Protein chains: 2
Amino acid sequence: MRKENHTTFYNLDTDKQKIILQSAIVEFSRQGYAKASCNRIVRAAGISKGSLFQYFGSKEGLFVFVCDRFIRKVKDAVKHADVDGEGFFALIRAVLISGVDFIDSYPEYFQIYLKVMFEQDVPGRGEFLRRVCLFSSEYLGLACQAAQESGLIRQDVSTEMILFSVDAVFDKFFLSYAGTGAQSLVLHGLGQSELQEKINELVAILEQGLARGGPN
Amino acid sequence: MRKENHTTFYNLDTDKQKIILQSAIVEFSRQGYAKASCNRIVRAAGISKGSLFQYFGSKEGLFVFVCDRFIRKVKDAVKHADVDGEGFFALIRAVLISGVDFIDSYPEYFQIYLKVMFEQDVPGRGEFLRRVCLFSSEYLGLACQAAQESGLIRQDVSTEMILFSVDAVFDKFFLSYAGTGAQSLVLHGLGQSELQEKINELVAILEQGLARGGPN
DNA sequence: GCATATTATGACCAGGTGGTCATAATACCT
DNA sequence: AGGTATTATGACCACCTGGTCATAATATGC
């Protein structure tokens, strides 16, 4: 594998950089890693194959480059998410809303994330997932623990299982919103207020459970 | 595409049939549809390429054949699942347990299901998922509705969202159990009693919610 | 034993893949 | 303008893919 030369890539017009990156992102988001074709990427970007390999060295190098950009976007999104109100369930709401925002802003990136999640032999898969999910396992995990300790949520089940339940709801919610798979619940294309209504229902269930009767 | 000839396949020794099928199942479970290689399958099965195409006509034909077997196993599993006890949450427990049983019995089939779930351009994907998930969308959906109507579970949220929540927990539970992805909760390799304990916790959360205090 | 029908085989095909590299084009400096 | 360093290009490579088919092997019927 020839060594990549990111410098040459960065010397390009910003527009051309964007076109190339976007072509790669679209291809990876549609095909995942293994099925993605460098030929299609260069065709879409309007550059020669030699150039692509000059910039990124290999298919793997290009993919890692794209993933780095992705991670950067995720970090930005997490940083700028603001929790509206106090308490554990306000946090849950905030995460749901900022997740939806992220999918709206970068739908292709989200697709790449999903593809990588369920594809084997993707270069850097482990590290990539770890970094993307860092939020869940660390930030959210700590939040659950803190909420338990301060008595905001029940203490008679393990923090592990609390986090698991919250994650489960998040995962399926975002998956439904992105419209992937044969989902029963249609979230994609809903208006702001309708979506808010769905979130309220979901948090109500998470908070008070499915059993009959109110929260107390 | 030459027409397939299942008859010729069925005329084979039962053992040879099993070897061929198993080779295909293993390949599809590891690689999904697109990445799966007919060459690898025939090599693993110890038959010639021509024979495989004689039996099944095409890669797609082979895949559909494998999927049919899968569907049959799912139907059997659903049929033989017995609900221990009464009420909505006994049903939830039963589904979790029989799901775990299925994954133990047919781990490769479950992997194929996961792969198909998140892969595009898989022949018969839509119908396959519909048939596998028929249980969720129909049986379980009706059960939720019935439980609401008879007052077993709360009525102030939509049936749709109830089913959504239950599905979310199921999906992540089975995914964790199968050990796919970078899961925080380790379920795979747990003993019977430890697993039962996890299920109890999970159902408790589903039933009573995360908020402080008991179910009433 | 012979003739016929069925089944097995793998060399072969067109097309796609990631990757290379001699050559051409361009930019830059004096 | 001339010379040098950088960048762009696409024909080409080895390899793999799903699929075919003439031929060989085998089973069957008489």
Side-chain angles (χ1 to χ4, degrees), chain A residues 1-21 23-24 26-28 30-67 115 119-124, chain B residues 1-17 19-21 23-24 27-28 30-67 115 119-124:
Chain A
M1 181 179 100
R2 179 114 57 95
K3 195 78 200 87
E4 86 273 358
N5 193 346
H6 287 176
T7 314
T8 313
F9 177 70
Y10 286 126
N11 287 344
L12 262 41
D13 291 357
T14 325
D15 283 355
K16 201 168 185 185
Q17 285 184 39
K18 272 184 189 155
I19 290 174
I20 295 171
L21 258 184
S23 304
V26 167
E27 178 71 9
F28 284 127
R30 287 189 185 154
Q31 310 288 344
Y33 178 74
K35 282 170 68 183
S37 159
C38 295
N39 291 339
R40 275 195 296 262
I41 292 173
V42 298
R43 215 179 302 145
I47 61 170
S48 72
K49 202 158 157 184
S51 292
L52 188 78
F53 281 83
Q54 182 120 59
Y55 302 150
F56 304 104
S58 64
K59 185 186 185 181
E60 176 172 339
L62 173 59
F63 184 71
V64 170
F65 190 89
V66 167
C67 285
K115 287 284 189 336
E119 193 177 332
Q120 256 126 250
D121 309 318
V122 178
Chain B
M1 183 180 98
R2 178 113 57 94
K3 194 80 199 88
E4 86 273 359
N5 192 347
H6 286 177
T7 314
T8 313
F9 176 71
Y10 286 127
N11 288 343
L12 261 42
D13 291 356
T14 325
D15 283 354
K16 201 168 184 183
Q17 285 184 40
I19 290 174
I20 295 171
L21 257 185
S23 303
E27 178 70 10
F28 283 127
R30 288 189 186 153
Q31 310 287 343
Y33 178 74
K35 281 171 69 183
S37 158
C38 296
N39 291 341
R40 276 195 295 263
I41 293 174
V42 298
R43 214 178 303 144
I47 61 171
S48 74
K49 202 159 157 182
S51 292
L52 187 79
F53 281 84
Q54 182 118 57
Y55 302 149
F56 303 103
S58 64
K59 184 185 185 181
E60 177 172 339
L62 173 60
F63 184 71
V64 171
F65 191 89
V66 167
C67 286
K115 287 284 189 337
E119 194 178 331
Q120 256 127 249
D121 309 318
V122 178

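Here is the naming used below: chain letters follow the sequence lines, and residue numbers restart at 1 for every chain. All of these numbers come straight from a predicted model, not from anything done at the bench.
Contacts of A/Y55 classified as ring-ring contact (aromatic ring centres under 6.0 Å, His included), with partners at least two apart in sequence or in another chain: A/F9. With sequence neighbours excluded, the residues forming a side-chain contact (heavy atoms from CB on, under 4.5 Å) with B/N5 are B/T7, B/T8, listed by chain and number. For B/S48, the side chain to side chain donor-acceptor pair (under 3.5 Å) partners at least two apart in sequence or on another chain are B/S51. Shown here are the side chain to side chain donor-acceptor pair (under 3.5 Å) partners of A/K35, two or more places apart in sequence or in another chain: there are none. Here A/K18 pairs with nothing under the side-chain contact (heavy atoms from CB on, under 4.5 Å) rule; sequence neighbours left out. For B/S23, there are no side chain to side chain donor-acceptor pair (under 3.5 Å) partners at least two apart in sequence or on another chain. In this structure, the side chain to side chain donor-acceptor pair (under 3.5 Å) partners of B/N39, at least two apart in sequence or on a different chain, are B/K49. When the side-chain contact (heavy atoms from CB on, under 4.5 Å) test is applied to B/Q120, the partners found at least two apart in sequence or on another chain are A/K115.
The list of salt bridge (charged side-chain N to carboxylate O under 4.0 Å, His left out) pairs with a residue in residues 36-47 of chain B, not counting sequence neighbours, reads B/E27-B/R40.
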What pairs of nitrogen or oxygen atoms, one from the protein and one from nucleotides 15-18 of chain C, lie under 3.5 Å apart?
unit_1 : atom_1 : unit_2 : atom_2 : d
C/dT17 : OP1    : A/S37  : OG     : 2.9
C/dT17 : OP2    : A/N39  : ND2    : 3.0
C/dG18 : OP1    : A/A36  : O      : 2.8
C/dG18 : OP1    : A/C38  : N      : 3.4
C/dG18 : OP1    : A/K59  : NZ     : 3.1
C/dG18 : OP2    : A/C38  : N      : 2.9
C/dG18 : N7     : A/K49  : NZ     : 3.2

Below 3.5 Å is the cut-off: list the nitrogen or oxygen pairs between protein and nucleotides 6-8 of chain D, distance only.
unit_1 : atom_1 : unit_2 : atom_2 : d
D/dT7  : OP1    : A/N11  : ND2    : 3.4
D/dA8  : OP1    : A/Y55  : OH     : 3.4
D/dA8  : OP2    : A/Y55  : OH     : 2.9

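Each end of the helix from C/dG1-D/dC30 to C/dT30-D/dA1 gets its own axis from five base pairs, and the two axes differ in direction by 0°, given to 10 degrees.
One atom, CG of A/L52, and another, C1' of C/dC21, lie 16 Å apart when rounded to the nearest Å. One interatomic measurement links the two molecules: CD1 of B/I47 to P of C/dG10, which rounds to 11 Å at whole-angstrom precision.
Relative orientation of the B/Y10 and B/F65 rings is tilted, given thresholds of 30° and 60° on the angle between their planes.
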